[in-house]
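Since the structure is predicted, the reported quantities are computational estimates derived from the model, not experimental observations.
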Amino acid sequence: MYQFYEIVGSEKPIYVTKPEGYLSYEEVPNGDLVNYEEIAYLEIVENGVKLYEPLYVREGE
């Protein structure tokens, strides 16, 4: 998870609900990110702090 200052300036979109077809790290098969691309961020609030979880899609999709 990232804090906002770590992703500011990124052109990747930020979502408050996870779009269909995007995967979180836990959903990537075997945690193998070699064939996956970080495409967006999902905003999550934990203990009143906004955090940003990377979302992935398989390269070429």
Self-check item: Side-chain touch Val28/Asn35, heavy atoms, less than 4.5 angstrom
Solution: no
Quiz prompt | Joint hydrophobic cluster, Val8 plus Tyr2, side-chain heavy atoms closer than 4.5 Å | solution = yes
Quiz item: Which value, rounded to the nearest 0.5 Å, describes the distance between Lys50 atom NZ and Glu43 atom CD?
Solution: 4.5 Å
Quiz item: Does atom NZ of Lys12 have more than 12 heavy-atom neighbours from other groups under 6.0 Å away?
Solution: yes
Quiz item: Under 4.5 Å between any side-chain heavy atoms of Met1 and Glu46, yes or no?
Solution: yes
Quiz item: In the single-linkage hydrophobic clustering (I, L, V, M, F, W, Y; side-chain heavy atoms under 4.5 Å), do Leu42 and Ile39 co-cluster?
Solution: yes
Acceptor/donor pairs from residues 18-27 side chains to any protein atom, 3.5 angstrom cut, sequence neighbours excluded:
| unit_1 | atom_1 | unit_2 | atom_2 | d |
| --- | --- | --- | --- | --- |
| Lys18 | NZ | Tyr22 | O | 3.3 |
| Lys18 | NZ | Glu27 | OE1 | 2.7 |
| Lys18 | NZ | Glu27 | OE2 | 3.0 |
| Ser24 | OG | Glu26 | OE1 | 3.3 |
| Ser24 | OG | Glu27 | OE1 | 3.4 |
| Glu27 | OE1 | Ser24 | N | 2.8 |

Quiz item: Is any side-chain heavy atom of Tyr41 less than 4.5 Å from a side-chain heavy atom of Tyr15?
Solution: no
Quiz item: Does some side-chain heavy atom of Gln3 sit less than 4.5 Å from a side-chain heavy atom of Leu51?
Solution: yes
Quiz item: Are any of the side-chain heavy atoms of Ile14 and Tyr52 separated by less than 4.5 Å?
Solution: yes
